[in-house]
Amino acid sequence: MPGADDTAGDTVSTAQTGEQTEPATYDVHAAQDKWRSVWDALDPFRALDDGSKPRRYALTMFPYPSGDLHMGHGEVLALHDVLARYWRLRGCDVLNPIGWDSFGLPAENAAIRRREHPAVYTYANIEVQAESLRRYAVSFDWSRRLHTSDPDYYRWTQWLFLRFREQGLAYRKASYVNWCPNDQTVLANEQVVAGACERCGAVVTKRELTQWYFRITAYAQRLLDDMSLLEGHWPDRVLTMQRNWIGRSEGAFADFAVDGADGRRHDPLRVFTTRPDTLFGATFMVVAPESPLAADLVSDDQRAAFEAYLADTQRATEIERLSTERPKTGVFLGAYATNPATGGRIPIWAADYVLADYGTGAIMAVPAQDQRDWDFAVAHDLPIVRTVQPPSDFAGEAYLGDGAAINSANDEINLDGLDVDAAKARIAEWLETSGLGERTVNYRLRDWLLSRQRYWGCPIPIVHCGDCGEVPVPDYQLPVELPHLSGTDLVPQGTSPLAAATDWVQTRCPQCGGPARRDTDTMDTFVDSSWYFLRYCSPNYADGPYDPEVANRWMPAANYFGGAEHAVLHLLYFRFFTKVLHDIGMLDAAEPTESLVNQGQVINQGNRMSKSRGNGVDLGEQIDNFGVDAVRLTMVFSGPPEDDVDWADVSPGGSLRFLHRVWRLAHDVISPVGVDAIDGHEPLRRVTHRTVHDVEQLIEGRRFNVAVARLMELVNATRKAIDSGPGGADPAVREAVEVTAQLLSMVAPHTAEEMWETLGHQPTVACTDWPTVDPALLVEQSVTCVVQVQGKVRARLEVAPDVGDAELERLALADEQVQRVVDGRPVRRVIVRAPSLVNLVV
RNA sequence: GCUCCUGUAGCCCAAUCGGCAGAGGCAGACGGCUUAAACCCGUCCCAGUGUGGGUUCGAUUCCCACCAGGAGCACCA
């Protein structure tokens with residue numbers, strides 16, 4: 001492990017100073033054990049929810065139970081706990097819950113390997129992580145602990161699914177879906193990254209399956225609009241990613257009459273376009289090969305060619321299909337449409353550069369104004385007609401810019417000469433009045449595919465009956481519990497392992513009582529994590545997923561800590577759930593969290609930690625070596641929360657030395673408890689009060705690293721006061737050290753408790769009140785004014801903070817050094833920024 | 001290819017509104033403490049802010065271009 005060798009000298013000393021009268025060293029590990037049991041006994045972190053204090057909900061993304069906690073957990077938990085503890089010191093009733101996202105594939109795969117039930121691995125890991133979390137001293141309210149794989153929890157996931165279904169927000173449809181051949185299950189669009197499975201990296205293929213979806217598209221506009229509530233409180237990066245993902249685009253539908261060459265009648269072919277102004281330039285049409293439109297339109301003599309092309313398309317991987325370098329392939333369908341603007345007869349092709357599930361699955365191809373269509377036209381020798389005049393020096397192919405419309409007139413409408421925006425408006429109006437189309441808004445966002453063909457997830461509470469069809473399991477029968485399957489029962493077969501549990505699958509139809517089959521898919525685990533923050537509010541509530549009255553007292557969460565990798569996954573889904581629950585009257589909040597912080601990653605030597613690089617750092621080992629407080633301090637102090645921490649660049653050994661230094665301050669205080677600081681050494685008091693004031697501002701701004709630096713300054717000033725100032729008996733020293741213990745408790749809780757006790761107080765420092773700042777001590781008595789000549793500093797003046805501009809100018813001009821530099825030249829201009837600066841221009 | 005973010009001391013990072021470039025830490029040097037070493041204490045060293053322009057009395061901060069690193073998007077009609 002890099003870093004351990006050169007810092008071995010800093011490792012924690014064990015208690016070996018028995019014969020000494022005074023403890024010379026601070027035994028970090030003994031302090032950890034001691035305070036853990038005190039906190040367990042006092043239970044100071046339980047949310048009261050009694051209205052005695054203002055409520056604050058501190059939320060952090062709950063862990064998935066894979067092995068023990070790692071360095072990444074160490075970072076996010078340290079940061080998150082600073083806020084939770086800060087709010088507690090500020091007098092808030094803090095809800096700081098913990099739970100586990102405990103359904104999911106890794107446990108299932110482990111169960112297959114180990115020939116056991118996934119619950120064994122899952123709950124064993126949870127215990128390991130719970131123990132580590134307690135050791136790490138995160139100020140969680142353990143009484144609210146939950147696991148999404150508990151029947152008591154997933155009962156309500158099922159209940160919510162049924163409410164969504166009642167609202168028309170959960171439905172089943174057949175479609176071409178993303179299939180991960182490795183995990184043997186379908187995936188939502190959000191879980192496919194660059195054509196590969198977001199979880200395992202396998203190249204995703206397409207399958208036609210009937211699956212359950214959540215109608216998140218119905219909330220596309222709301223998800224966009226409500227970003228105004230998050231602006232400035234959520235990272236721009238996340239909002240940008242969500243905006244891109246939702247992909248709103250404004251345009252129009254246009255209907256093209258289809259000319260049934262083979263004598264069949266066809267409905268008009270409807271297309272979505274963002275450039276209705278280019279309608280006159282539409283020289284052919286393209287439909288997605290997988291779209292039912294293609295199979296419907298194809299003529300008998302082209303059918304064989306089309307089917308061969310469709311088969312080719314489906315062989316191609318997502319990655320190949322997404323490549324823009326790929327030549328534009330396609331096949332003529334033997335059908336023609338009529339361009340509604342020109343009346344021209346244009347051919348209809350099928351080509352895989354058109355997507356079946358975006359827009360209508362068909363486009364009007366305008367090669368002159370769209371490069372993709374241009375490429376296709378060139379490849380297949382189709383006509384190109386410019387309808388926007390490119391600039392005279394335009395050297396490209398398709399012209400996408402603004403310009404005057406040309407070749408765009410018929411008996412009813414004339415766009416020629418209009419710029420793009422004006423032409424769009426004019427033609428949209430014409431389409432609408434002539435019944436050929438309408439203005440519309442289209443989104444890139446697709447519905448959320450939630451079925452999964454795996455075992456260790458929440459069963460979908462639906463029964464399929466031969467007579468009644470899809471029947472919801474009645475609420476009183478929930479939960480639909482998982483059948484007990486383990487080991488080889490779980491080997492993926494392409495269908496859910498639940499299908500093989502015949503006793504479980506066979507059931508009675510809740511409606512007609514006849515024989516029926518249970519739905520054998522489980523839900524995407526992102527469903528489980530879309531509402532866990534609400535269950536925390538009333539974890540034992542038995543009449544619903546949560547008590548709305550209680551949830552409304554806490555929600556929205558004041559802050560959410562978690563990784564940016566969930567920008568268009570969890571963070572989109574849980575906004576969606578929140579909005580649906582809001583709409584059905586179960587929640588007042590429109591957004592789940594007021595603010596969001598994406599912590600950086602913990603890396604090592606410039607790289608992500610990985611087994612293959614051999615640069616892994618183990619959180620447990622770091623804690624063994626340096627102690628919990630030093631590791632937490634290192635995480636918090638390393639830099640801004642959103643920046644990566646390179647473990648090779650930081651110094652847990654240095655953090656531990658700092659903690660020793662702070663700890664000794666408490667032993668050097670020799671004034672009695674309760675002594676009035678008012679008569680104490682004023683310069684130190686000024687530092688103390690300034691520090692409290694600044695730390696408050698800094699924590700509010702999530703600038704934890706700078707807050708720690710301020711605290712270090714206070715510690716340095718206090719040391720100096722003890723050793724070479726007024727000495728340890730001065731009341732100001734006690735004040736400074738008490739404040740230090742309080743502020744330190746946010747980051748290094750054990751050390752802070754040790755100090756608090758040494759200072760003669762009862763535990764726990766975590767529950768004390770934020771120190772009151774005396775504003776008089778913040779006012780500077782004098783400030784240094786810089787006098788510049790030509791922008792260069794030439795003199796410094798000690799002046800009163802409230803000095804006037806005129807007075808300051810007079811003082812500056814009178815300064816001997818300034819006069820020497822000015823050297824009799826006329827002063828052309830004087831800029832005065834009282835009280836800190838005067839600049840003379842000569 | 002397009003968009004956004006970030007470049008400050010050997011290293012990690014600070015620097016309200018444009019106003020003295022350094023708060024804090026790491027590493028390093030020297031001194032004190034020590035039988036000695038470590039711990040500890042003290043003192044010191046170290047950059048003109050990626051590069052080039054512009055605006056300004058004054059630029060790390062604002063604007064433009066470029067370089068480097070990171071992130072996001074990339075057949076969505």
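Lettering follows sequence order; numbering is per chain, from 1. This one's a predicted model, so the numbers in the text were calculated from it and none came from an experiment.
Nearest to the side chain of Phe637(A), among G24(B), C41(B), A77(B), sits G24(B). The Met712(A) side chain lies nearest to G25(B) when the options are C41(B), G25(B), C57(B). Nearest nucleotide to the side chain of Asp723(A), out of C41(B), G19(B), A77(B): C41(B). Which of A77(B), C57(B), A23(B) sits closest to the side chain of Leu355(A) comes down to A77(B). Across C75(B), G19(B), C57(B), the shortest atom-to-atom separation from the side chain of Gln788(A) is found for G19(B). With A77(B), C26(B), C41(B) as the candidates, the nucleotide lying closest to the side chain of Phe272(A) is A77(B). Picking from A77(B), C41(B), C73(B) the nucleotide with the shortest atom distance to the side chain of Asn244(A) gives C73(B). When the nucleotides C40(B), A23(B), G19(B) are ranked by their closest atom to the side chain of Val706(A), A23(B) comes out on top.
When heavy atoms are screened at a 4.0 angstrom cut-off, Asn442(A) is found touching no nucleic acid atom at all. No contact: Arg828(A) has no heavy atom under 4.0 Å from any strand. Within the 4.0 angstrom heavy-atom criterion, only backbone atoms of the sugar-phosphate kind lie near Ser249(A); the bases stay farther away. Within the nucleic acid shown, Gln790(A) has no heavy atom closer than 4.0 Å to any nucleic acid atom. Using a 4.0 Å heavy-atom criterion, one finds that Asn839(A) contacts the bases of the nucleic acid, with or without backbone contacts as well. Counting non-hydrogen atoms under 4.0 angstrom, Arg446(A) reaches a base of the nucleic acid.
Across all strands shown, A23(B) forms no Watson-Crick or G-U wobble pair with both distances under 3.5 Å. Base pairing of A68(B): its partner is U6(B), meeting the Watson-Crick or G-U wobble criterion (both donor-acceptor distances under 3.5 Å). G58(B): no Watson-Crick or G-U partner with both key distances under 3.5 Å is found in any strand. Base pairing of G18(B): no nucleotide in any strand meets the Watson-Crick or G-U wobble criterion (both distances under 3.5 Å). Nucleotide A29(B) forms a Watson-Crick or G-U wobble pair with U43(B), both donor-acceptor distances falling under 3.5 Å. Judged by Watson-Crick or G-U wobble contacts below 3.5 Å, the nucleotide U34(B) has no partner. Using N1 to N3 plus N6-O4 or O6-N4 for Watson-Crick, or N1-O2 and O6-N3 for G-U wobble, each under 3.5 Å, G1(B) pairs with C73(B).
Taking the P atom of each, C63(B) and G19(B) are spaced 15 Å apart, rounded to whole Å. The separation of U61(B) from U55(B), taken at their P atoms, amounts to 15 Å, rounded to a whole angstrom. Comparing the P positions of G50(B) and A59(B) gives an interatomic distance of 15 Å, to the nearest angstrom. U60(B) and G53(B) have their P atoms separated by 14 Å, given to the nearest Å. On the C1' atoms, C13(B) is 10 Å away from A23(B), given to the nearest whole Å. One C1' atom belongs to C33(B), the other to C41(B), and the distance between them is 8 Å to the nearest Å. Here, A38(B) and G31(B) have their P atoms 13 Å apart, quoted to the whole Å. Separating the C1' atom of G24(B) from that of A14(B) is a span of 8 Å, rounded to the nearest Å.
Atom pair Leu659(A):CG and G25(B):P shows a separation of 13 Å (rounding to whole Å applied). Rounded to whole angstrom, the span from the CD atom of Glu713(A) across to the P atom of A15(B) amounts to 12 Å. Spacing between atom CG of Asn604(A) and atom P of C12(B) amounts to 14 Å, rounded to whole angstrom units. Going from atom CG of Asp643(A) over to atom P of A71(B) covers 13 Å, rounded to whole Å. When rounded to the nearest whole Å, the span between CZ of Arg829(A) and P of G58(B) equals 9 Å. Here C75(B) presents its P atom at 15 Å from CG of Leu400(A), a figure rounded to the nearest Å. Note: CG (Asn705(A)) to C1' (A15(B)) measures 13 Å, nearest angstrom. When rounded to the nearest whole Å, the span between CE of Met241(A) and C1' of U3(B) equals 13 Å.
Taking 90° from 0 as the syn/anti boundary, the base of G48(B) is oriented syn. Base orientation at C17(B) is syn, since its O4'-C1' glycosidic dihedral falls within 90° of 0.
Listed pair Arg661(A) / C41(B) meets the phosphate criterion, a side-chain N or O lying under 4.0 Å from OP1 or OP2. For the pair Arg657(A) and C26(B), the criterion of a side-chain N or O lying under 4.0 Å from OP1 or OP2 is met. Between Ser638(A) and G25(B) there is no side-chain polar atom (N or O) within less than 4.0 angstrom of OP1 or OP2. Between Asn598(A) and A71(B) there is no side-chain N or O to OP1 or OP2 distance below 4.0 Å.
Arg608(A) CZ: 12 or fewer foreign heavy atoms inside a 6.0 Å radius.
Using modelled atom types, no side-chain atom of Tyr309(A) and backbone atom of Ala351(A) make a donor-acceptor pair closer than 3.5 Å. Judged purely by atom type and a 3.5 angstrom limit, Asn615(A) uses its side chain to pair as donor or acceptor with the backbone of Asn604(A).
Along RNA chain B, the nucleotide closest to Trp245(A) and the one closest to Tyr358(A) are compared, and the more 5′ of them pairs with Trp245(A). Mapping Val793(A) and Ala709(A) onto RNA chain B via the closest heavy atom, the residue that lands nearer the 5' end is Val793(A).
For Glu250(A) and Thr274(A), the side-chain atoms include no donor-acceptor pair closer than 3.5 Å.
Judged by atom type and distance alone, Arg237(A) does not reach the base of G72(B) through any side-chain donor-acceptor pair under 3.5 Å.
Remark: Arg710(A) does not engage Glu696(A) in a salt bridge, criterion side-chain N to carboxylate O under 4.0 Å.
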Salt bridge (charged side-chain N to carboxylate O under 4.0 Å, His left out) between Arg446(A) and Asp357(A), worked out: CA-CA 8 Å; Arg446(A) 313 289 156 80; Asp357(A) 54 359; 2.8 Å; yes
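Counting all heavy atoms, side chain and backbone alike, Ala220(A) lies closest to Leu445(A) at CB-CD2, 4.1 Å.
Relative to the six-membered ring of Tyr353(A), Lys328(A) meets both conditions, a distance below 6.0 Å and an angle of at most 45° to the axis.
In this structure the side chain of Val787(A) never reaches within 4.5 angstrom of the side chain of Arg794(A), judged on heavy atoms.
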